[in-house]
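Here's the structure, in structure tokens; my notes come after.
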Amino acid sequence: MPSHDEGCVAEIREALTERVNLDGGWGYYAGHASRIEPTCWALLGLRASSLDDTTAVPPAAELFRAWQREDGLLVEPHLQHENRPNVAFNALAAWLLVQRPELRAHVSLAKLVDGVTCARGIRLPESTVNRQDDALQGWAWIDSTFSWVEPTCWALLALKAAAAIFPVVETRINEGERLLIDRCCDSGGWNYGNSNMLGRTLRPYVPTTAVALLAMKERKGEACVERSLSFLKENRFAEPSAMALGLTILALRAFGETVADVKEMLVAQWRRTEFLDNAHLMGLALYSLG
Amino acid sequence: MPAAVALASACRRAPYRSSEFTVPSRSAVGLYPAASYDLDLGEVIYRGLVDLGVTRSVQDRRVFLKPNIVEYEANTAINTSAAVVVGAVHAFLRAGARQVVVGEGPGHRRDMEYLLVSTGLYDHLRELRVQFVDLNHDDIRRVRLGSHFTRLEKIALPVELLQSDFVVSMPKLKTHHWAGITASMKNFFGVVPGAVYGWPKNILHMKGIDNSILDLNATVKPQFTIVDAVTAMEGDGPIMGKPRHMGLLAMSTDLAAADATCARLIGIDPRAIPYLAVGGEFLGNIRESRIEHRGERPDRYRTVFERTAPSTVGHA
């Protein structure tokens, strides 16, 4: 008889496999155009849930090839007119491709990592509205806008993972880590962008803290990392959602913490909302439960 | 110098075509008492729809409700109340709408599931079997902007929004530390897909908040607004301000007129809010003499909201 977890995993896996598009990718929602983020999470999740996904690999690999531009970054066809690659999602794709060599058949991981490396948040003049080092350049959601916590985290994860395969630009990793340390909230954890504004301390959030801890796991022992790990452990149930719970499982597991209770809550959340039918969240949940 | 010219002074061409916009000679703004969220707000909103003559406009139409859902924190007044959204669903269906959908794309928080569940809206919409559209991640279509204050030619907008016949802004009335106030017009930042433009809709912030508000409203051309001022927010809005009870729902087919009225109610001169001053030239009426009131008289609600630097300009 399958355990509660296994039953849930099977349901999510089935829902996800039903939603694959003819081009081999996934949209955020059923019937929607394939996008980078849900496609990456679906591929990560299906593999983690022990599904034999060998039939999914060739079309997905072809999709990544079709999405890759000359500069190495991926852009979906219907977004090419916008000419604004989403840096965070490209970093996620690089992180996936490091883990799944069979997907790299037609796409250049080195060019993709170069593209992510070269994308930079803008350098701002000294801030008059908050206390932070705006000279630091991490990564923005969209190239040449403000550095933000999540895209910086995904870029760090991508570069650190790729470093196991080929040399990466260490100075970018160092600057990204310095930015995260600078933006860490006083209480530990991370808000989306700033830790304070107009003289007031901003509060940390669970998903941003979890992904930042994942990106900073080699910096265990750093004061802000330890404070943030304490925050995440204390608040692991505070934000009931697939994004918060899934990332929390990944982060706590990376730091050797137990995650059984968070997994239970993630299963309960699936029973309650079915993650709004969002393929990105289904993939993330499968990956974290796997 | 007209405000539009000042705002877009660096543009070589006019930021909009006057022929594409019609400002009515007068606009009606309805102010309806709603002492608490426990009242039958569907009844209050339906009264507004009748008073303001929009029931015929929504018959057999697909109505899109755009509430303001930004962040969740218990006992605050950050978001449009779920009770107001539910009331609007009932009122539009009663008025003959073929379908009512609700959509939002938070510019601050990315986790829509968390926001929907924690605000209580998820359970209400499921019970009503009303579709929710995640505007940050919906399929998109590029459309020509109705004005060009941002100097962008086109913008990608969510397909579910573009496929709707009747778009309703449903903001929470709040002071805003950058934009002065956030109400009907500012609410349209939430239709910009974050997956395309980043968070907090960074591309548009860099093009200027006022410019972006104008372009979005000139493009979407929303037909109606229901402002949740039952409990509004003063001080350090849009997130860290304090709840302020007003006991009011404001409604209008003219969003600029509704926002100008709300601004005056809380002690802010709408002409000092750049996007309202410019919007008053082509999107709607902001002059008091061109606004007529339905429901309650404004004097019943007039007050002065506390505001936080840097946006302290515009006190009436």
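A note on names: the letters A, B, ... follow the listed sequences, proteins ahead of strands, and every chain is numbered from 1. Note: hydrogens, waters and symmetry copies are ignored here, and every other heavy atom, side chains too, is used.
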Requested in this report: Give, as side chain, backbone, both or neither, the part of Arg203(A) having an atom under 4.5 angstrom from any heavy atom of chain B.
Outcome: side chain
Query raised in the report: For Glu82(A), which residues count as a salt bridge (charged side-chain N to carboxylate O under 4.0 Å, His left out) partner, sequence neighbours excluded?
Result: Arg84(A), Arg142(B)
Report summary line: Rounded to the nearest 0.5 angstrom, the OG1-CG distance for Thr273(A) and Leu116(B) is 9.5 Å
Query - Contacts of residues 118-127 of chain B with chain A (heavy atom under 4.5 Å) - result: Tyr122(B), Asp123(B), Arg126(B)
Query raised in the report: Side chain, backbone, both or neither: which part of Phe132(B) has an atom under 4.5 Å from a heavy atom of chain A?
Result: neither
Report task. Locate the shortest heavy-atom distance separating Ile142(A) from Val196(B); write the atom from each residue and the value. Result -> CD1-O, 3.2 Å
**Report entry** Region of Ile122(A) that comes under 4.5 Å of a non-hydrogen atom in chain B
**Finding:** side chain
Report task. Identify which part of Pro207(A) has an atom lying under 4.5 Å from any heavy atom of chain B, answering side chain, backbone, both or neither. Result -> side chain
Query raised in the report: What residues of residues 88-96 of chain A sit under 4.5 Å from chain B when only non-hydrogen atoms are counted?
Result: Phe89(A)
**Report entry** Contacting moiety of Phe146(A), where chain B heavy atoms sit under 4.5 Å
**Finding:** both
Requested in this report: Taking the side chain as every heavy atom from C-beta outward, state whether Pro240(A) and Tyr114(B) have any atom pair closer than 4.5 Å.
Outcome: yes
Report summary line: One should read off an interatomic distance between Asn202(B) CG and Trp141(A) CH2, to the nearest 0.5 angstrom, of 10.5 Å
Query - Part of Glu76(A) within contact of chain B (heavy atom distance under 4.5 Å) - result: neither
Report task. Could you check which of Trp148(A), Tyr205(A), Tyr29(A) has the highest count of heavy-atom pairs closer than 4.5 Å to chain B? Result -> Tyr205(A)
Requested in this report: Could you look at Ser144(A) and say if it's the side chain, the backbone, both or neither that has a heavy atom under 4.5 Å from chain B?
Outcome: backbone
Query raised in the report: Is Arg69(A) atom CZ crowded by more than 12 heavy atoms from other residues, nucleotides or ligands, each under 6.0 Å away?
Result: yes
Report task. Compare all side-chain heavy atoms of Val117(B) with those of Arg272(A) and state whether any distance is below 4.5 angstrom. Result -> yes
Query - Note, Glu113(B) side chain near Asn278(A) side chain (heavy atom, < 4.5 Å) - result: no
Report summary line: Heavy-atom nearest pair, Met240(B) first then Thr201(A), reads CE-O, 3.6 Å
Query raised in the report: Between Ala238(A) and chain B, which part of the residue has a heavy atom less than 4.5 Å away: side chain, backbone, both or neither?
Result: backbone
Report task. Let me see the working for Thr145(A) and Ile203(B) under side chain to side chain contact (heavy atoms under 4.5 Å, CB included), right down to the final yes or no. Result -> CA-CA 7 Å; Thr145(A) 61; Ile203(B) 296 287; 3.8 Å; yes
Query raised in the report: What part of Ile155(B) is in contact with chain A, defined as an atom under 4.5 angstrom from a non-hydrogen atom: side chain, backbone, both or neither?
Result: backbone
Query - Among the listed options Glu73(B), Glu71(B), His205(B), the residue most often paired with chain A at heavy-atom distances under 4.5 Å - result: Glu71(B)
Requested in this report: With a 4.5 Å heavy-atom cut-off (strictly below), which parts of residues 103-112 of chain B touch chain A? List them by number.
Outcome: His108(B), Arg109(B), Arg110(B), Asp111(B), Met112(B)
Requested in this report: Determine whether His137(B) and Glu37(A) make a side-chain contact, defined as any pair of heavy atoms from C-beta on separated by less than 4.5 Å.
Outcome: yes
